[in-house]
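Before any comments, here is the structure.
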Amino acid sequence: MIIGGKTWPKDRRWIAVVTLVSVAAIVGYGQEWRLTGSLPGGGSRVGLTCGIVAGLIILFELLLWPRKRVRSWRIGSAQSWLRAHIWLGLLAVPLVLLHARLLFIGGLLNQALMVVFAIVIVSGIWGLVLQQYLPRALLENVPAETIYDQIDHVSRQQCRDAWRLVDASCEAAGPPAGHGSPGGRGTEKGLPPPEESAPEEEESDHAVVTGFRSMTGIQGRVVETLAVHAVIPGTAEIRRRFTADIRPYLLAGRRSDSVLDSVTGAARFFASLREDAPPEAGWLIDHLEQACACRRQFDLQARLHRWLHGWILVHLPLSVLLGVLLAVHVPVALLYW
Ligand code: HEM
């Protein structure tokens with residue numbers, strides 16, 4: 001969720017509530033401290049009130065989980081829930097500190113409770129900070145964005161598209177192919193099989209390939225139909241470098257440990273490929289360069305996606321643990337009160 005911007009008036013209201021309640025709790029705590037002459041604990045008037053309110057807040061925070069997953073629980077908008085989740089979660093911090101005698105607490109259970117609470121709060125703040133920046137970074141740097149779970153599939157598809165063009169347009173690396181005939185379609189060892197294309201499509205003189213465009217602020221993936229030319233003389237090197245360097249990179253991305261993973265490495269690679277190739281193959285090299293740029297974007301998308309969603313793997317399980325520890329803490333504390 002983005003804090004500020006258009007939603008700033010709502011956030012401002014929450015900030016006012018959090019500040020007022022926090023100040024009131026701190027003033028009340030200070031007064032009780034002055035009157036009794038000792039640091040009020042969790043069982044003091046103000047300490048207990050803070051504890052009860054913080055406990056109820058934590059219970060509410062946990063409700064976000066079923067709210068997101070159970071359809072019949074869709075009461076109130078997701079935005080309102082999340083906004084309340086964030087600001088009430090932050091309000092719980094001073095309340096818990098006051099309840100826990102400003103952290104001068106003993107007992108393993110209480111200390112474990114505080115550590116888990118601290119990790120939940122810090123991970124929540126971390127997640128919120130990431131949500132402020134990463135979606136924009138994704139929008140600006142990944143115009144070729146696809147569905148995260150489909151990255152490998154789309155990459156394989158793109159590799160096959162590129163291979164079709166190379167196979168149809170480049171001379172075979174071994175003995176030269178016959179004039180005007182494709183240079184040995186799909187025959188090279190280790191190249192992706194054209195399993196998803198129809199046989200008639202294989203033999204057509206057009207190839208449907210995917211790419212991406214960024215124009216006047218609008219960007220996205222495009223599907224292009226390129227004419228498949230007859231074999232271009234002097235292009236065996238393109239075929240060789242496709243097999244040795246481009247194909248592994250298109251399939252595995254940065255895991256292939258390729259020079260194509262860096263923008264400058266790729267620029268150098270394709271510049272040298274252009275030098276060695278005839279000018280008529282320029283369009284093909286352009287396409288291969290764009291396919292590599294697209295693969296680089298997929299890797300960036302995957303990295304940003306993992307950052308954007310990875311923190312919840314800490315926040316959620318520890319929230320549940322916090323709920324369990326709280327459920328033990330309340331009866332134990334009441335027993336010894
Ligand atoms: C005691 C405190 C807290 C508890 C028990 C708690 C618990 C939870 C739970 C159960 C979820 C749902 C996870 C899921 O289903 O995917 C969640 C999500 C989240 N929490 Fe917390 N949380 C707490 C405090 C905070 C704080 C202080 C912040 C930020 C300042 C925060 C930020 C978030 C965010 C950004 C999400 C993800 C919501 C989304 O994008 O769908 N949480 N939290």
Side-chain angles (χ1 to χ4, degrees), residues 1-8 10-22 25 42 47 49-100 103 105 109-139 148-149 301 304-330 333:
M1 191 175 92
I2 307 288
I3 300 288
K6 264 192 263 168
T7 63
W8 181 236
K10 287 181 188 159
D11 292 319
R12 214 169 35 196
R13 248 176 278 148
W14 271 111
I15 292 172
V17 170
V18 170
T19 312
L20 274 177
V21 177
S22 303
T49 310
C50 287
I52 292 172
V53 177
L56 291 174
I57 288 178
I58 291 175
L59 209 63
F60 171 79
E61 299 290 280
L62 286 168
L63 289 181
L64 186 61
W65 190 22
R67 165 63 180 77
K68 280 174 73 178
R69 279 160 184 76
V70 184
R71 282 196 165 272
S72 53
W73 262 61
R74 304 274 155 103
I75 319 148
S77 76
Q79 288 287 311
S80 313
W81 271 79
L82 201 49
R83 186 162 285 106
H85 181 87
I86 286 161
W87 294 113
L88 287 176
L90 290 175
L91 174 60
V93 176
L95 298 182
V96 166
L97 285 178
L98 298 180
H99 174 69
L103 293 185
I105 46 168
L109 176 65
N110 291 344
Q111 285 168 356
L113 201 57
M114 286 310 300
V115 170
V116 173
F117 176 73
I119 300 175
V120 170
I121 294 292
V122 171
S123 60
I125 294 174
W126 174 238
L128 186 64
V129 169
L130 293 178
Q131 288 186 354
Q132 308 308 299
Y133 300 105
L134 296 191
R136 177 171 287 274
L138 201 60
L139 205 65
Y148 173 74
D149 292 332
Q301 180 188 345
L304 292 177
H305 180 97
R306 283 194 291 270
W307 275 102
L308 198 54
H309 298 280
W311 64 276
I312 208 93
L313 298 177
V314 173
H315 193 68
L316 178 57
L318 286 188
S319 304
V320 176
L321 180 60
L322 182 66
V324 172
L325 291 176
L326 198 62
V328 180
H329 166 78
V330 173

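Whatever order the structure lists them in is the order used to number ligands and atoms, beginning at 1. Residue numbers count from 1 along this sequence.
Which of Leu313, Val120, Ile125 comes nearest to atom 2 (C) of ligand 1 through a heavy atom is settled by distance: it is Val120.
The N/O atoms of His85, backbone and side chain alike, include one that comes under 3.5 Å of an N/O atom in ligand 1. An N or O contact shorter than 3.5 Å is missing between Trp311 and ligand 1 by distance.
Only the side chain of Leu82 comes within contact range of ligand 1, with a heavy atom under 4.0 Å; no backbone atom does. When non-hydrogen atoms are compared, ligand 1 lies under 4.0 Å from neither the backbone nor the side chain of Val93.
Using modelled atom types, no side-chain atom of Glu61 and backbone atom of Leu88 make a donor-acceptor pair closer than 3.5 Å. Formation of a donor-acceptor pair under 3.5 Å by the Trp311 side chain with backbone atoms of Leu128 is not found in this model. In this structure, the side chain of Ser77 engages the main chain of Ser80 through a donor-acceptor pair within 3.5 Å. With hydrogens and angles ignored, the 3.5 Å screen pairs a side-chain donor or acceptor of Arg67 with a backbone N or O of Gly76.
Residue contacts with ligand 1 do not include Met1, since none of its heavy atoms lies under 4.0 Å from the ligand.
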Requested in this report: Give the C-alpha distance, both sets of side-chain angles, the deciding distance and a yes or no for side-chain contact (heavy atoms from CB on, under 4.5 Å) between Gln131 and Ile2.
Outcome: CA-CA 7 Å; Gln131 288 186 354; Ile2 307 288; 5.7 Å; no
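Among protein heavy atoms, atom 40 (O) of ligand 1 sits closest to Gln131 NE2, 3.0 Å. Scanning the protein for heavy atoms near atom 13 (C) of ligand 1, the closest one is Leu316 CD1, 3.8 Å. The protein heavy-atom contact nearest to atom 4 (C) of ligand 1 is Glu61 CB, 3.4 Å.
Using a 4.0 Å cut-off to heavy atoms of Ile121, the atoms of ligand 1 that qualify are 2 (C), 27 (C). Taking a cut-off of under 4.0 Å to the non-hydrogen atoms of Ser319, the atoms of ligand 1 that pass are 4 (C), 5 (C), 6 (C), 7 (C), 8 (C).
Leu322 and Leu113 get closest at one heavy-atom pair: CD1-O, 3.9 Å.
Residue Arg69 qualifies as enclosed at atom CZ: its count of foreign heavy atoms under 6.0 Å is above 12.
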